[in-house]
Amino acid sequence: MDIRNKVVIITGASAGIGFATARLFAKNGAKVAIVARSKDKLNELASGLQDSLVVQTDMANAVSVKNMVKKVYGHYGRIDVLINNAGQGFDELVEYIDIKEFQYIIDLNLIGPLTAMQEVIPVMRKQGGGVIVNISSGLSKMHMPGMSGYASIKSALNTISLTAREELADEKISVSIVYPYITATNFEKNTIIGKNHNSIQDAGKQDEGYNSLPPPDSPGTVAQKILEVVISERAEQFVHDWLDGRK
Ligand SMILES: NC(=O)c1ccc[n+]([C@@H]2O[C@H](COP(=O)([O-])OP(=O)(O)OC[C@H]3O[C@@H](n4cnc5c(N)ncnc54)[C@H](OP(=O)(O)O)[C@@H]3O)[C@@H](O)[C@H]2O)c1
């Protein structure tokens, strides 16, 4: 899709990958609806963009997600692209996963994106097409000790995305996944850490290849991959080719 003058929803736009993506898309002529909980950060971002809409939203709350899509549609009268990027990490060994904490990760990293998809699909259908990009993680292709809660939900997001892609192909609604690798954002700092954090670190370091991983990417590098996938509409976009081999 050519993104010039298109209406693009970017969740998790107050920081990190979403922030860089909002700036890149706006620079390339898109109208960006920027979504997160931190209104002040969104307003600051909006002050540097030509055509944007701030929508304060809790992506872990389905009602808030539905209201967000309504607001964007009410303001612009169309929605061309949805980028489900908001998310949070969760580190804990399987044995000790706290179900309440895990439920929050499910609500934020899976139900939020799914609800947003369900709200934009009828709009895109009416318009004759659209693009949905869900931000997954390279971890969804791995079995890294301590990461099962986070990785399993990203893996579910992969399956929902690629299945929706099949279901919606005839309606010109393209659904894609981008798999970032470790990216230099506050993601690690914001990760929910279970009580067995130290044992996870130890286990993780013993994982094959842990110490030979390449350095983190910049958020701008990932944003560029997200832009590429919106333009190409390809099913899956890995930020690193070596992750592609784990498909
Ligand atoms: N960084 C990495 O190494 C990495 C690697 C692979 C995949 N990813 C994925 O990339 C995506 C972006 O991560 P990031 O690295 O940019 O993380 P980040 O710097 O921690 O930013 C997370 C963004 O999500 C938003 N967010 C969190 N909880 C939210 C909620 N309940 N409602 C609405 N927005 C919420 C935050 O905004 P507010 O706090 O203002 O709400 C923020 O804008 C995530 O889906 C993550 O799983 C990251």
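Just so you know, these numbers use all the heavy atoms, side chains as well, and skip hydrogens, waters and symmetry mates. Just follow the structure's listing: the first ligand is 1, and inside any ligand the first atom is 1.
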Does S52 have any side chain to side chain contact (heavy atoms under 4.5 Å, CB included) partners at least two apart in sequence or in another chain, and if so, which? V32, A46, L49
Residue, atom name and distance, where the atom is the protein heavy atom closest to atom 36 (C) of ligand 1: S14 OG, 3.8 Å
Residue and atom name of the nearest protein heavy atom (relative to atom 47 (O) of ligand 1), distance in Å to one decimal: Y150 OH, 2.5 Å
Return yes when A184 approaches ligand 1 closer than 4.0 angstrom through a heavy atom, no otherwise. no
Would you say Y181 contacts ligand 1, with heavy atoms under 4.0 Å as the rule? yes
Are I17 and I226 packed together at the side-chain level, in the sense that at least one heavy-atom pair is separated by less than 4.5 angstrom? yes
Work out whether the distance between some heavy atom of Y179 and some atom of ligand 1 is less than 4.0 Å. no
Of all protein heavy atoms, the one nearest atom 39 (O) of ligand 1 is R37 NH2, 2.9 Å
May I ask you to identify the nearest protein heavy atom to atom 3 (O) of ligand 1, giving residue, atom name and distance to one decimal place in Å? T183 N, 2.8 Å
Run the contact test for E188 against ligand 1 with a 4.0 Å cut-off on heavy atoms, strictly below, and give the result. no
Starting from atom 31 (N) of ligand 1, what is the nearest protein heavy atom, named by residue and atom, and what distance separates them? D58 OD1, 2.9 Å
Drop me the distance from N67's CG to N61's CG, to the nearest 0.5 angstrom. 8.5 Å
Applying a strict 4.0 Å limit to heavy atoms, is Y104 in contact with ligand 1? yes
The complete set of ring pair (Phe, Tyr, Trp, His ring centres under 6.0 Å) pairs with one or both residues in residues 147-167, sequence neighbours excluded, reads Y150-F187
Report the part of I17 in contact with ligand 1, treating N, CA, C, O as backbone and CB onward as side chain, heavy atoms under 4.0 Å; options are side chain, backbone, both, neither. both
